[in-house]
Amino acid sequence: MLSQDLRERVVAAIDGGMSCRAAAARFGVSAASAIRRRQLVLQNGTPTAKPQGGDHRAGRIDAHAAFILGAIESKDDITLVELQVLLAERDTPVGIGTLWRFFDRHRITRKKRRRARKIGRRSRRHAPAWTT
């Protein structure tokens with residue numbers, strides 16, 4: 001990966017009349033790299049690299065955000081698998097991980113609730129100690 005400074009020097013040399021291959025040799029980069037930098041300048045006006053990484057598919061599930069939020073409002077204890085089935089019925093097949101990232105991205109947490117204990121049943125913490 002070339003630094004921004006090196007990209008700009010290669011392009012400046014090409015703009016100054018040097019061929020792409022000669023500029024590549026002068027700055028110790030490949031000819032293909034010098035050609036790509038020149039093409040970026042012609043297309044975008046700058047030799048800056050495009051952003052890398054990131055989530056390119058979040059928009060697919062975010063388009064259904066109102067539906068997903070409505071589903072969790074209507075059924076308080078809905079599971080990710082149930083949401084997955086509901087979205088598949090709407091011709092939007094998604095994975096469990098995709099749903100999990102949706103909730104994480106929107107800072108939505110669904111904590112498991114403790115179920116009410118049966119009357120008369122004591123937890124182990126409060127059980128009497130065994131004596132011998």
Side-chain angles (χ1 to χ4, degrees):
M1 188 148 139
L2 302 178
S3 68
Q4 185 60 32
D5 178 55
L6 183 56
R7 292 169 195 264
E8 290 170 359
R9 287 187 286 148
V10 169
V11 170
I14 296 169
D15 287 343
M18 194 176 280
S19 72
C20 289
R21 291 186 188 280
R26 178 177 179 191
F27 293 103
V29 298
S30 69
S33 178
I35 292 167
R36 275 194 308 270
R37 300 303 147 226
R38 178 67 178 144
Q39 288 173 343
L40 278 173
V41 169
L42 294 175
Q43 292 171 356
N44 304 330
T46 178
T48 305
K50 295 178 186 176
Q52 292 183 351
D55 185 8
H56 299 287
R57 296 180 286 179
R60 184 172 151 223
I61 194 167
D62 283 342
H64 299 279
F67 174 76
I68 294 169
L69 297 175
I72 63 174
E73 284 290 322
S74 67
K75 186 176 179 191
D76 192 31
D77 60 346
I78 194 164
T79 65
L80 292 177
V81 173
E82 290 170 330
L83 278 172
Q84 183 183 31
V85 170
L86 290 174
L87 286 166
E89 290 171 356
R90 293 175 56 113
D91 293 327
T92 307
V94 295
I96 298 295
T98 303
L99 285 168
W100 190 93
R101 286 187 299 275
F102 170 83
F103 287 117
D104 185 51
R105 188 170 48 253
H106 293 281
R107 305 211 189 285
I108 299 170
T109 59
R110 307 291 293 175
K111 299 291 183 189
K112 291 182 180 178
R113 294 189 189 125
R114 284 191 157 162
R115 301 288 181 213
R117 291 191 176 128
K118 293 181 181 178
I119 297 173
R121 185 176 172 198
R122 302 174 90 181
S123 71
R124 290 182 190 187
R125 187 176 14 194
H126 300 291
W130 292 99
T131 57
T132 57

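Along the sequence shown, residues are numbered consecutively beginning with 1.
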Any residue meeting side chain to side chain contact (heavy atoms under 4.5 Å, CB included) with Val11, in chain and number order, not counting sequence neighbours: Asp15, Arg37, Val41, Pro47

List the atom pairs, with distances to 0.1 Å, where a side-chain N or O of residues 98-106 and a protein N or O form a donor-acceptor pair under 3.5 Å, not counting sequence neighbours.
| unit_1 | atom_1 | unit_2 | atom_2 | d |
| --- | --- | --- | --- | --- |
| Thr98 | OG1 | Arg101 | NH2 | 3.4 |
| Arg101 | NH1 | Gly97 | O | 3.4 |
| Arg105 | NH2 | Asp62 | OD1 | 3.4 |
| His106 | NE2 | Asp62 | OD1 | 3.0 |

Contacts of Arg36 that satisfy salt bridge (charged side-chain N to carboxylate O under 4.0 Å, His left out) - sequence neighbours left out: none

Asn44: partners by side-chain hydrogen bond (donor to acceptor under 3.5 Å, both in side chains), with sequence neighbours left out: none

Spacing of Ile108 atom CD1 and Leu69 atom CG [to the nearest 0.5 Å]: 5.0 Å

Under the side-chain hydrogen bond (donor to acceptor under 3.5 Å, both in side chains) test, residues paired with Gln4 that sit two or more places apart: Glu8, Thr48

Hydrophobic cluster (4.5 angstrom, side-chain heavy atoms) - remaining members for Val85: none

Listed partners of Ala71 passing side chain to side chain contact (heavy atoms under 4.5 Å, CB included), at least two apart: Ile78, Leu83, Leu86

Fellow cluster residues of Phe27, listed by chain then number, with links counted only when side-chain atoms sit under 4.5 Å apart: Leu2, Leu6, Val10, Ile14, Val29

Gln84 CD to Ile96 CD1 distance, which is reported to the nearest 0.5 Å: 4.0 Å

Results of side-chain hydrogen bond (donor to acceptor under 3.5 Å, both in side chains) for Arg9 - residues two or more places apart only: Asp5

Residue pairs passing the salt bridge (charged side-chain N to carboxylate O under 4.0 Å, His left out) test where at least one lies in residues 80-97, sequence neighbours excluded: Lys75-Glu82

Partner set under side-chain hydrogen bond (donor to acceptor under 3.5 Å, both in side chains) for Ser19, not counting sequence neighbours: none

Joint cluster assignment, Ile61 & Ile72, ILVMFWY side-chain distance < 4.5 Å: yes

Minimum heavy-atom distance between Ala24 and Ala34, given as atom pair plus value: CB-CB, 3.9 Å

